[in-house]
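Heads up: the structure comes next, in structure tokens.
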Amino acid sequence: MRGGCRLFPLLLLALLRGLCHGREQAPGAVTCGSVLKLLNTRHSVRLHSHEVKYGSGSGQQSVTGVEASDDANSYWRIRGKNDGSCQRGTPVKCGQAIRLTHVNTGKNLHTHHFPSPLSNNQEVSAFGDDGEGDDLDIWIVQCSGTYWEREDAVRFKHVGTEVFLSITGEQYGHPIRGQREVHGMPTANHHNYWKAMEGVFIKPSTDPAKHDEL
């Protein structure tokens with residue numbers, strides 16, 4: 001009995017080490033189904049959209065960058081590239097294909113071969129209805145570890161056209177005065193780093209039956 005008592009602290013220590021090791025695999029990871037804001041680390045503006053369409057190019061819903069941290073139109077939901085590919089609460093892996101769905105309008109972050117209005121880079125828009133668009137809504141998360149960690153700056157590379165989600169500082173006038181142009185750039189550089197900011201981060205469910213597929 002005394003031997004068992006002596007072993008108990010050792011077993012507890014081993015268990016705690018195992019739990020800590022498990023946390024190290026994905027500490028603070030961004031997860032599927034989470035709703036968050038994305039900050040461009042170079043220009044300190046958040047990825048934003050609203051029911052204002054481009055007056056040129058595709059004429060689709062515009063995507064911009066805003067300085068305000070409390071704007072409700074800057075929330076995006078993390079989803080898989082198709083149904084079943086991103087279970088709710090699962091950490092997003094580096095290299096994983098995702099969709100970013102604008103919460104307030106239900107349109108997906110999208111890009112295509114139209115010139116952006118101000119910089120003549122590639123236009124980025126919000127496209128689709130109720131979260132359903134097309135293959136040009138898919139982006140690859142580029143990061144250095146195993147998972148997309150909340151504290152890390154990451155890039156989003158578009159699958160269909162191979163551009164990076166970027167901001168270089170151009171500002172719009174009326175009717176969205178002061179907002180920055182968001183566009184796609186062919187090269188990886190300091191203009192296309194993004195960091196997860198405010199949001200609701202979904203934890204994995206312990207009940208497999210509750211794993212919603214997004």
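All heavy atoms count here, side chains included; hydrogens, waters and symmetry mates do not.
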query = Under 3.5 Å, side chain of Asn104 to main-chain N/O of Ala72, donor-acceptor pair present?
reply = yes
query = Can you get from Val45 to Leu36 by hopping between Ile, Leu, Val, Met, Phe, Trp and Tyr side chains that sit under 4.5 Å apart?
reply = yes
task = For side chain to side chain contact (heavy atoms under 4.5 Å, CB included), just list the numbers for Arg99 and Glu132, CA-CA rounded to whole Å, side-chain angles, deciding distance to a tenth of an Å, and then say yes or no.
result = CA-CA 10 Å; Arg99 288 176 289 177; Glu132 297 308 316; 3.7 Å; yes
key: Any Trp194 side-chain heavy atom under 4.5 Å of Leu165 side chain   = yes
note = For Ala97 and Ile138 the tightest heavy-atom approach is CB-CG2, 3.8 Å
inquiry  = Quick one, Arg77 and Ser34 - any side-chain contact, counting heavy atoms below 4.5 Å?
reply    = no
note = Correct closest heavy-atom pair for Ala29 and Tyr147 would be CB-CB, 4.2 Å
Cationic tip of Arg155 above Tyr193 ring, under 6.0 Å, 45° of axis = yes
query = Salt-bridged, Lys107 to Glu51, with N to O below 4.0 Å?
reply = no
query = So, the side chain of Asn108 versus the backbone of Gly131: is there a donor-acceptor pair under 3.5 Å, distance only?
reply = yes
Spacing of Leu136 atom CG and His158 atom NE2 [to the nearest 0.5 Å] = 5.0 Å
key: Whether Thr90 side chain and Cys86 backbone form a donor-acceptor pair below 3.5 Å   = no
Test item: side-chain donor near acceptor, Thr111 and Gln122, under 3.5 Å = yes
request  = State the CD-CD1 distance between Gln87 and Ile202, to the nearest 0.5 angstrom.
outcome  = 14.0 Å
inquiry  = Please say yes or no: joined through hydrophobic side-chain contacts below 4.5 Å, possibly via intermediate residues, are Leu100 and Ile140 part of one cluster?
reply    = no
Distance (rounded to the nearest 0.5 Å) between Asn82 CG and Asp137 CG = 12.0 Å
remark   = In short, Pro175 meets Val52 closest at the heavy-atom pair CG-CG1, 4.2 Å
key: Verdict with supporting geometry, Trp139 and Lys81, side chain to side chain contact (heavy atoms under 4.5 Å, CB included)   = CA-CA 8 Å; Trp139 302 79; Lys81 67 182 234 181; over 6 Å; no
request  = May I ask you to test the Asp71-His48 pair for a side-chain heavy-atom distance under 4.5 Å?
outcome  = yes
ask   = Centres of the His191 and His43 rings: under 6.0 Å?
value = yes
Minimum side-chain heavy-atom gap His183-Val63 below 4.5 Å = no
query = Has the side chain of Asp152 got a donor or acceptor atom that lies under 3.5 Å from a matching backbone atom of Val154?
reply = no
task = Flag the pair Glu67 and Arg180 as a salt bridge only when some basic side-chain nitrogen lies within less than 4.0 angstrom of an acidic carboxylate oxygen.
result = yes
task = Could you tell me whether Lys195 and Glu149 make a salt bridge, using a distance below 4.0 angstrom between a side-chain N and a carboxylate O?
result = no
query = Is Tyr172 reachable from Val182 through a run of hydrophobic residues whose side-chain heavy atoms are each under 4.5 Å from the next?
reply = yes
query = Would a distance-only check, ignoring hydrogens and angles, find a side-chain to backbone donor-acceptor pair under 3.5 Å from Arg46 to Glu198?
reply = no
task = Quick one: closest heavy-atom pair of Ser144 and Cys94, and the distance?
result = N-SG, 4.1 Å
inquiry  = What's the separation between atom OG in Ser49 and atom CD in Gln60, rounded to the nearest 0.5 Å?
reply    = 10.5 Å
task = Apply side chain to side chain donor-acceptor pair (under 3.5 Å) to the pair Asn73 and His50, showing each step before the final yes or no.
result = CA-CA 6 Å; Asn73 275 318; His50 40 218; 5.7 Å; no
inquiry  = In this structure, would Phe156 and Phe201 fall into the same cluster of hydrophobic residues linked by side-chain contacts under 4.5 Å?
reply    = yes
query = Does Leu38 belong to the same Ile/Leu/Val/Met/Phe/Trp/Tyr cluster as Val92, with side-chain heavy atoms less than 4.5 Å apart forming each link?
reply = yes
ask   = With distance as the sole test, does Ser116 use its side chain to make a donor-acceptor pair with the main-chain N or O of Asn121 at under 3.5 Å?
value = yes
task = Flag the pair Asp134 / Phe127 as yes when at least one side-chain heavy-atom distance between them is below 4.5 Å, and no otherwise.
result = yes
query = Do Ile167 and Glu181 have side-chain heavy atoms sitting under 4.5 Å apart?
reply = no
remark   = Hits for side chain to side chain contact (heavy atoms under 4.5 Å, CB included) against Ser44, two or more places apart or cross-chain, chain-then-number order -> none
request  = Could you check if a side-chain atom of Arg150 sits within less than 4.5 angstrom of a side-chain atom of Met197, using non-hydrogen atoms only?
outcome  = no
request  = Check the pair Gln61 / Ser125 against side chain to side chain donor-acceptor pair (under 3.5 Å), numbers first and verdict last.
outcome  = CA-CA 6 Å; Gln61 182 170 300; Ser125 64; over 6 Å; no
task = Would you give the length of the straight line joining atom OG1 of Thr64 to atom CG of Leu47, rounded to the nearest 0.5 angstrom?
result = 8.0 Å
key: Exercise: identify the closest heavy-atom pair between Tyr75 and Gly199   = CE2-CA, 4.2 Å
Check: Tyr54 side chain, Val124 main-chain N or O, donor-acceptor pair, under 3.5 Å = yes
request  = Without swapping roles, check the side chain of Asn192 against the backbone of Thr187 for a donor-acceptor pair under 3.5 Å.
outcome  = yes
message = Any heavy-atom pair between the side chains of Ser74 and Val66 that's under 4.5 Å?
response = yes
note = CG of Leu109 to NE2 of His102, rounded to nearest 0.5 Å, is 10.0 Å
